[in-house]
Amino acid sequence: AGSGGGLAPVASAAGQSLGKGLGALPSVGELQAQMNKRRAEAEVAFKKNQAALAQQRETEKQMAEAAGVAPEDAARRAAHLKEQRDKILAKKRAEREAKAKAYDDAKEQGLAQMMAESQEENRLASQAASQQASQAEAQAGAGSQQAGPGGG
């Protein structure tokens with residue numbers, strides 16, 4: 001039987017533990033003892049933190065009294081600082097949004113300019129092609145007029 005008065009580890013008929021190379025499983029009693037030990041350690045740590053927090057609050061209270069600061073004044077000051085922080089954050093947010101808008105506008109303007117240039121290039125290419133076609137037709141017409149009277 002296992003220690004702690006619990007159940008013995010599960011074993012195969014050959015006497016080997018059933019875990020895949022993990023060794024014998026701990027008994028329920030051992031697990032309960034470990035859990036109780038950890039719980040006690042956690043409670044000690046919690047009480048220690050509570051005591052430290054109470055000490056810190058007492059020290060802050062003594063310092064505030066020594067400085068002559070009333071709790072109302074401290075609360076008013078905290079509210080003022082929070083207000084200032086909120087104003088700064090709002091200003092920074094507005095600046096970021098303005099920068100993002102300016103970037104988007106510049107990007108949009110650049111795209112519009114590229115499209116306009118592309119359209120202008122297409123128009124000029126089309127115009128040049130139609131001029132070449134007109135010149136080719138004119139040359140073909142002039143060549144047929146010269147051949148007609150001279151050959152007849």
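The chain is numbered in sequence order, starting from 1.
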Find the distance between CD (Glu121) and CD (Gln119) and round it off to the nearest 0.5 Å.
-> 11.0 Å

Spacing of Ile88 atom CD1 and Gln84 atom CD [to the nearest 0.5 Å] | 6.5 Å

Can you list everything that forms a salt bridge (Lys or Arg N to Asp or Glu O under 4.0 Å) with [X]? Sequence neighbours excluded, please.
| X | answer |
| --- | --- |
| Arg76 | Asp73 |
| Arg123 | Glu120 |
| Asp104 | none |

Partner set under side chain to side chain contact (heavy atoms under 4.5 Å, CB included) for [X], not counting sequence neighbours:
| X | result |
| --- | --- |
| Gln113 | Glu117 |
| Leu53 | Gln56, Arg57 |
| Lys91 | Glu95 |
| Asp105 | Lys101 |

Residues that Arg39 engages under side-chain hydrogen bond (donor to acceptor under 3.5 Å, both in side chains), provided they are two or more places apart |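 Only Asn36 meet the side-chain hydrogen bond (donor to acceptor under 3.5 Å, both in side chains) criterion with Arg39.
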
Set of side-chain hydrogen bond (donor to acceptor under 3.5 Å, both in side chains) partners for Lys82, sequence neighbours left out | Asp86

More than 12 heavy atoms from other groups under 6.0 Å of CE on Met35 |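 Yes - once you tally the heavy atoms of other residues, nucleotides and ligands closer than 6.0 Å, there are more than 12.
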
Scan for side-chain hydrogen bond (donor to acceptor under 3.5 Å, both in side chains) pairs involving residues 130-141, sequence neighbours excluded, and state none if there are none.
->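 Every candidate side-chain hydrogen bond (donor to acceptor under 3.5 Å, both in side chains) pair involving residues 130-141 fails, so no pair, neighbours aside, qualifies.
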
Give a yes or no on whether the backbone of Asn122 and the side-chain of Ser126 come within a donor-acceptor separation of less than 3.5 Å.
->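 Checked: no pair found.
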
Begin from the C-alpha positions of Val44 and Lys47 and carry the test side-chain contact (heavy atoms from CB on, under 4.5 Å) through to its verdict.
-> CA-CA 5 Å; Val44 168; Lys47 288 177 182 175; 6.0 Å; no

Which pairs pass salt bridge (Lys or Arg N to Asp or Glu O under 4.0 Å) with one or both residues in residues 60-72, sequence neighbours excluded?
->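 As it turns out, there is no salt bridge (Lys or Arg N to Asp or Glu O under 4.0 Å) pair with a partner in residues 60-72 once direct neighbours are skipped.
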
